[in-house]
Amino acid sequence: MPKIKTHKGTAKVVKLRKGGSTKIGRPSRRHNTGDKPASFNRKGRKGSALSKADQSRLKNVL
(Lines give C-alpha, C1' and ligand atoms only; values in the text may rest on other atoms or scores of the structure.)
Protein backbone atom coordinates (compact mmCIF):
# COMPACT_ATOMS: atom_id res chain seq x y z
CA MET A 1 0.00 0.00 0.00
CA PRO A 2 1.35 3.48 -0.82
CA LYS A 3 2.11 6.08 1.81
CA ILE A 4 -0.46 8.78 2.50
CA LYS A 5 0.82 12.19 1.46
CA THR A 6 0.63 15.15 3.83
CA HIS A 7 -1.87 17.79 2.75
CA LYS A 8 0.49 20.77 2.48
CA GLY A 9 -2.22 23.44 2.66
CA THR A 10 -3.45 22.08 5.98
CA ALA A 11 0.07 21.53 7.32
CA LYS A 12 0.86 25.23 6.87
CA VAL A 13 -2.14 26.27 8.99
CA VAL A 14 -2.34 23.57 11.70
CA LYS A 15 0.44 23.00 14.24
CA LEU A 16 0.72 20.05 16.62
CA ARG A 17 1.33 21.04 20.26
CA LYS A 18 3.45 19.13 22.74
CA GLY A 19 0.53 17.66 24.71
CA GLY A 20 -1.11 16.21 21.60
CA SER A 21 -3.61 19.01 21.05
CA THR A 22 -3.76 20.87 17.75
CA LYS A 23 -3.38 24.63 17.31
CA ILE A 24 -4.92 26.47 14.38
CA GLY A 25 -4.83 30.15 13.50
CA ARG A 26 -7.85 32.38 13.81
CA PRO A 27 -9.73 33.51 10.70
CA SER A 28 -9.46 37.03 9.23
CA ARG A 29 -5.73 37.33 10.03
CA ARG A 30 -4.24 37.03 6.56
CA HIS A 31 -4.64 40.49 5.07
CA ASN A 32 -6.16 43.97 5.57
CA THR A 33 -5.09 44.02 9.22
CA GLY A 34 -4.48 47.76 9.06
CA ASP A 35 -8.20 48.38 8.57
CA LYS A 36 -9.18 46.24 11.55
CA PRO A 37 -9.16 47.36 15.20
CA ALA A 38 -5.96 46.77 17.16
CA SER A 39 -7.87 44.71 19.73
CA PHE A 40 -9.07 42.38 16.96
CA ASN A 41 -5.48 41.90 15.75
CA ARG A 42 -4.24 41.20 19.28
CA LYS A 43 -6.90 38.57 19.88
CA GLY A 44 -6.04 36.89 16.60
CA ARG A 45 -2.40 36.33 17.58
CA LYS A 46 -3.25 33.74 20.18
CA GLY A 47 -4.76 31.14 17.88
CA SER A 48 -7.24 28.52 19.00
CA ALA A 49 -7.41 24.79 19.64
CA LEU A 50 -9.20 22.30 17.43
CA SER A 51 -11.99 20.20 18.86
CA LYS A 52 -11.49 16.46 19.43
CA ALA A 53 -13.79 15.65 16.49
CA ASP A 54 -11.76 17.82 14.11
CA GLN A 55 -8.47 16.42 15.44
CA SER A 56 -9.48 12.86 14.63
CA ARG A 57 -10.72 13.99 11.19
CA LEU A 58 -7.42 15.72 10.38
CA LYS A 59 -5.14 13.01 11.79
CA ASN A 60 -4.99 11.22 8.43
CA VAL A 61 -4.34 14.46 6.54
CA LEU A 62 -1.33 15.47 8.62
Side-chain angles (χ1 to χ4, degrees):
M1 228 170 118
K3 294 181 180 178
I4 298 174
K5 290 185 177 179
T6 301
H7 191 277
K8 292 300 186 180
T10 306
K12 290 172 186 173
V13 177
V14 176
K15 303 291 178 201
L16 296 174
R17 287 181 173 157
K18 195 183 289 185
S21 64
T22 311
K23 178 185 173 185
I24 188 165
R26 298 242 173 138
S28 305
R29 291 279 303 137
R30 304 276 177 221
H31 54 80
N32 294 340
T33 54
D35 297 334
K36 296 168 185 165
S39 60
F40 185 86
N41 290 328
R42 274 194 304 276
K43 288 175 186 173
R45 279 187 211 129
K46 189 174 182 185
S48 58
L50 278 178
S51 66
K52 293 282 184 190
D54 288 333
Q55 281 184 20
S56 60
R57 202 164 49 86
L58 289 176
K59 189 164 46 170
N60 294 334
V61 176
L62 297 173

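FYI, the numbering just counts along the sequence from 1. Bear in mind the structure is a predicted one, so any value in this text is a computation, not a measurement.
Scanning all heavy atoms of the two residues, the minimum distance from Lys46 to Lys23 falls at O-CE, 3.6 Å. Among all heavy-atom pairs drawn from Arg26 and Lys43, the shortest one is NH1-O, 3.5 Å. Shown here for Gln55 and Ser21, the closest heavy-atom pair between the two residues is NE2-CA, 3.7 Å.
For the side-chain contact (heavy atoms from CB on, under 4.5 Å) with Ile24, the lone residue among Thr10, Val14, Asp54, Leu58 that qualifies is Val14.
Atom CZ of Arg30 has 12 or fewer neighbouring heavy atoms from other residues, nucleotides or ligands inside a 6.0 Å radius.
Separating the CZ atom in Arg17 from the OG1 atom in Thr22 is a distance of 8.5 Å, to the nearest 0.5 Å.
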